Amino acid sequence: MSDTLFAKIIRREIPAAIVYEDDDVLAFRDIQPQAPVHVLFVPKRAVPTLNDLGPADGGLVGQLVLAAAAYAKREGFAEAGYRTVINCNGDGGQSVFHIHLHLLAGRQMGWPPG
Ligand code: DGP
């Protein structure tokens, strides 16, 4: 596993407010929340960016999406709505190079994004 900030959170070397975990995915609250609910869904297998995914990695991305949707249902805001985002590289606004899916909820989201 590469030594990103999120790898350290996965290894419990840095504290985080963990809200979900399974064998492949860890989810924890974003330290700089952009909405009342802002949770990051992170694969335990470190892949730096979307550009580094291969044909066999569809399951990894699918697990992030499914875990986020299940969390939204579990927490009771699925019907009200939410947004999921995966940033990629500089123009995408990615700052931590370990793929993660942002789940944002609890307010009306604007479009287009800033
Ligand atoms: P991105 O810009 O898409 O790479 O998102 C990275 C997110 O990670 C950003 O919204 C802030 C969050 N973040 C950065 N450092 C920490 C940390 O130490 N703990 C937690 N929980 N989140 C962090």
Side-chain angles (χ1 to χ4, degrees):
M1 187 181 290
S2 61
D3 203 27
T4 64
L5 176 63
F6 290 171
K8 290 177 180 170
I9 290 175
I10 291 165
R11 295 198 301 264
R12 308 301 205 266
E13 293 170 8
I14 294 176
I18 293 168
V19 298
Y20 172 80
E21 181 170 24
D22 62 30
D23 287 346
D24 301 314
V25 176
L26 188 72
F28 49 89
R29 296 191 190 285
D30 196 295
I31 206 168
Q32 297 173 312
Q34 303 300 313
V37 176
H38 189 170
V39 174
L40 303 173
F41 288 80
V42 180
K44 291 183 178 176
R45 179 161 68 86
V47 179
T49 80
L50 286 180
N51 296 336
D52 301 302
L53 292 170
D57 291 325
L60 178 147
V61 178
Q63 283 178 301
L64 300 182
V65 175
L66 290 173
Y71 180 79
K73 291 175 189 166
R74 187 184 95 196
E75 294 299 310
F77 58 80
E79 291 304 317
Y82 54 92
R83 178 168 293 173
T84 58
V85 177
I86 301 177
N87 297 324
C88 183
N89 280 337
D91 281 1
Q94 185 174 7
S95 61
V96 178
F97 289 86
H98 180 140
I99 281 180
H100 49 283
L101 179 143
H102 295 255
L103 171 63
L104 300 137
R107 66 168 171 80
Q108 179 65 56
M109 303 294 156
W111 193 264

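Bear in mind that the values here come from a model prediction, so they are computed numbers and not experimental data. When a ligand or atom number is given, it counts from 1 through the structure's own listing order. Numbering of residues begins at 1 and proceeds along the displayed sequence.
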Give me the residue, atom name and distance of the protein heavy atom closest to [atom].
| atom | value |
| --- | --- |
| atom 21 (N) of ligand 1 | R29 O, 2.9 Å |
| atom 18 (O) of ligand 1 | L5 CD2, 3.7 Å |
| atom 11 (C) of ligand 1 | D30 OD1, 3.2 Å |
| atom 2 (O) of ligand 1 | G93 O, 2.8 Å |
| atom 4 (O) of ligand 1 | S95 N, 2.7 Å |
| atom 8 (O) of ligand 1 | F6 CZ, 3.5 Å |
| atom 1 (P) of ligand 1 | H100 NE2, 3.1 Å |

N/O separation below 3.5 Å, H38 to ligand 1: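 No, H38 has no N/O under 3.5 Å of an N/O on ligand 1.
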Heteroatom distance test (V96, ligand 1): nitrogen or oxygen, under 3.5 angstrom: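 Indeed, backbone or side chain, V96 has an N or O that close.
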L104, L101, I31, V42: member with heavy atom nearest to atom 16 (C) of ligand 1: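 That would be I31.
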[X] and [Y]: which non-hydrogen atoms are nearest, and at how many Å?
| X | Y | answer |
| --- | --- | --- |
| I9 | L26 | CG2-CD2, 4.0 Å |
| H38 | Q32 | ND1-O, 3.9 Å |
| N87 | V85 | OD1-CG1, 3.2 Å |
| H98 | A7 | ND1-N, 4.0 Å |
| P36 | G106 | CG-O, 3.4 Å |

When you look for heavy atoms under 4.0 Å from ligand 1, do you find them on the side chain of [X], its backbone, both, or neither?
| X | value |
| --- | --- |
| Q32 | side chain |
| H102 | side chain |
| V85 | neither |

D24: which of R45, Q63, K44 passes side-chain contact (heavy atoms from CB on, under 4.5 Å):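 Of the listed options, the one satisfying the test is Q63.
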Y20 and F41 aromatic ring geometry - parallel, tilted or perpendicular at 30°/60° bounds: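 Tilted.
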Under 4.0 Å to a heavy atom of F28 - the qualifying atoms of ligand 1, by number: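 The atoms of ligand 1 under 4.0 Å from a heavy atom of F28 are 21 (N).
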Q34 CD to M109 CE distance, which is reported to the nearest 0.5 Å: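 Nearest 0.5 Å value for the CD-CE distance: 10.0 Å.
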Presence of salt bridge, E21 and R12, under 4.0 angstrom: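 Judged by the 4.0 Å cut-off on N to carboxylate O distance, R12 and E21 do form a salt bridge.
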